[in-house]
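Just below is one structure, and these are the notes that go with it.
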2 protein chains.
Amino acid sequence: MSMDAAFRALADPTRRLLLDSLHARNGQTLNALCEHMEMTRQAVTKHLAILEEANLVTTIRRGREKAHYLNPVPINEIAERWIGKFERHRLNALSDLKQRLEREEP
Amino acid sequence: MSMDAAFRALADPTRRLLLDSLHARNGQTLNALCEHMEMTRQAVTKHLAILEEANLVTTIRRGREKAHYLNPVPINEIAERWIGKFERHRLNALSDLKQRLEREEP
DNA sequence: TTGACATGCAACCAAATGGTTGCATATTAA
DNA sequence: TTAATATGCAACCATTTGGTTGCATGTCAA
């Protein structure tokens, strides 16, 4: 479980938009997802492949269509294993920073 | 306040390592941060500039040294405003996905 | 069966990214 | 003052990224 793939996948605004879109309506086909994107279908396909690679999206082929489903597990892992670490000491770090700034810029 | 800069900054493993390093010991100088990195000081400088641009790191010049401090606020914002959205419906989305998978692959 | 529709695949391209080397500048210490 | 130290800046380079176009394949409906 690399978490790196998820971080890199989340770096692109288009891909975050795609996740948003699936969050609003899960199980959309490729064409449906392309509807409000300002780029070609092929470009969207590439973004979806990266999301799938990162395990953020799961797909199911149904006839000639392909349905896309959000998988929130990697996002959850980032939240728990990575962000949690920084949150825990958030107030400490903030007060550290404030003290430094106040000391340096009187 | 874009959140986009933070997402892009977090995409690189070296930069996440730098944040980890600052989390372990806050206020390190550039040279101290370079110590355990497998690249030139100039490369680390570029990564730190990106972290600073994304407001994840704040620096204070002290004589000929430059101290780097972690700023957890953008990470917190990502957690609250973006990840929170997906966490809230996590169980729903998961059961949706399971149902679909079970229906399609009997 | 045939045409329309949904998706897949590959080559290509410009721009961004992550790294390097070389040299300049500023500060501290001897 | 001078030498060592800490950082800054710029040019350069290979690879990755994000997009395009063109065409192929598979599936449904008339």
Side-chain angles (χ1 to χ4, degrees), chain A residues 2-22 25-69 100 103-105, chain B residues 2-22 25-69 100 103-105:
Chain A
S2 61
M3 204 173 312
D4 187 68
F7 267 114
R8 276 190 294 116
L10 293 178
D12 186 271
T14 299
R15 291 194 285 270
R16 293 199 303 277
L17 251 183
L18 285 169
L19 292 181
D20 284 344
S21 184
L22 287 179
R25 190 154 56 92
N26 212 6
Q28 291 182 70
T29 68
L30 172 59
N31 260 349
L33 285 169
C34 286
E35 209 92 316
H36 301 289
M37 299 289 163
E38 301 283 311
M39 63 187 71
T40 62
R41 170 182 57 80
Q42 287 87 338
V44 176
T45 301
K46 286 192 186 178
H47 283 299
L48 288 170
I50 291 172
L51 288 170
E52 210 174 338
E53 184 76 18
N55 207 27
L56 285 158
V57 162
T58 305
T59 62
I60 296 172
R61 195 64 192 252
R62 192 178 302 113
R64 64 179 162 181
E65 295 185 337
K66 193 174 183 183
H68 296 75
Y69 292 90
R100 286 288 174 182
R103 195 183 306 171
E104 297 298 319
E105 300 170 15
Chain B
S2 61
M3 201 173 311
D4 186 68
F7 268 115
R8 277 190 293 116
L10 293 178
D12 186 89
T14 300
R15 290 194 285 270
R16 293 199 302 278
L17 252 183
L18 286 169
L19 292 181
D20 284 344
S21 184
L22 286 179
R25 189 154 57 92
N26 211 4
Q28 292 182 70
T29 68
L30 172 59
N31 260 349
L33 286 169
C34 286
E35 209 91 317
H36 302 289
M37 299 289 161
E38 301 283 310
M39 64 187 69
T40 61
R41 170 181 58 81
Q42 286 87 338
V44 176
T45 302
K46 285 192 187 178
H47 284 299
L48 287 170
I50 291 171
L51 289 170
E52 209 175 338
E53 185 76 18
N55 207 28
L56 286 158
V57 162
T58 305
T59 62
I60 296 171
R61 196 64 193 254
R62 193 176 302 113
R64 64 180 162 183
E65 295 185 338
K66 194 174 181 182
H68 296 75
Y69 292 90
R100 285 289 175 182
R103 197 185 303 169
E104 297 298 320
E105 299 169 15

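Below, each value reflects all heavy atoms present in this structure, side chains not excepted, and no hydrogens, waters or symmetry copies. Numbers restart at 1 for each chain; the letters A, B, ... are given by sequence-line order, proteins then strands.
The interatomic distance linking E53(B) (CD) with dT17(C) (P) rounds to 11 Å, in whole Å. The distance between atom CZ of R8(B) and atom C1' of dT17(C), rounded to the nearest whole Å, is 11 Å. Atom-to-atom, NZ of K66(B) to P of dT25(C) comes out at 18 Å; the value is rounded to the nearest Å. Rounded to an integer number of Å, the gap from CD of E38(A) to P of dG19(D) is 12 Å. dT7(C) atom C1' lies 17 Å from atom NE2 of H47(A), rounded to whole Å. Whole-Å rounding puts the I50(A) CD1 to dG19(D) C1' distance at 11 Å. Rounded to whole angstrom, the span from the CD1 atom of I60(B) across to the P atom of dT27(C) amounts to 17 Å. With rounding to whole Å, L33(A) atom CG is found 12 Å from dG8(C) atom P.
The distance from the CD1 atom of I50(B) to the CG atom of L10(B) is 11.5 Å, given to the nearest 0.5 Å.
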Base-contact (B) and sugar-phosphate-only (S) positions in nucleotides 21-30 of chain D, heavy-atom cut-off under 4.0 Å, - elsewhere = BB----BS--
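Among T58(A), I60(A), L30(A), the one residue that satisfies the side-chain contact (heavy atoms from CB on, under 4.5 Å) test with H68(A) is L30(A). Screening E38(A), M37(A), K46(A) for a side-chain contact (heavy atoms from CB on, under 4.5 Å) with T14(A), the sole residue that qualifies is M37(A).
A donor-acceptor contact shorter than 3.5 Å is absent between the side chain of R15(A) and the backbone of L48(A). In terms of modelled atom types and a separation under 3.5 Å, the side chain of S21(B) and the main chain of L17(B) share no donor-acceptor contact.
Taking 4.0 angstrom as the limit, N31(B) places a side-chain polar atom (N or O) nearer than this to OP1 or OP2 of dT7(D).
Take the nearest nucleotide of DNA chain D for E65(B) and for K46(A): the residue whose nucleotide is more 5' is E65(B).
Among residues two or more places apart in sequence or in another chain, the side-chain hydrogen bond (donor to acceptor under 3.5 Å, both in side chains) test is passed with E52(A) by T59(A).
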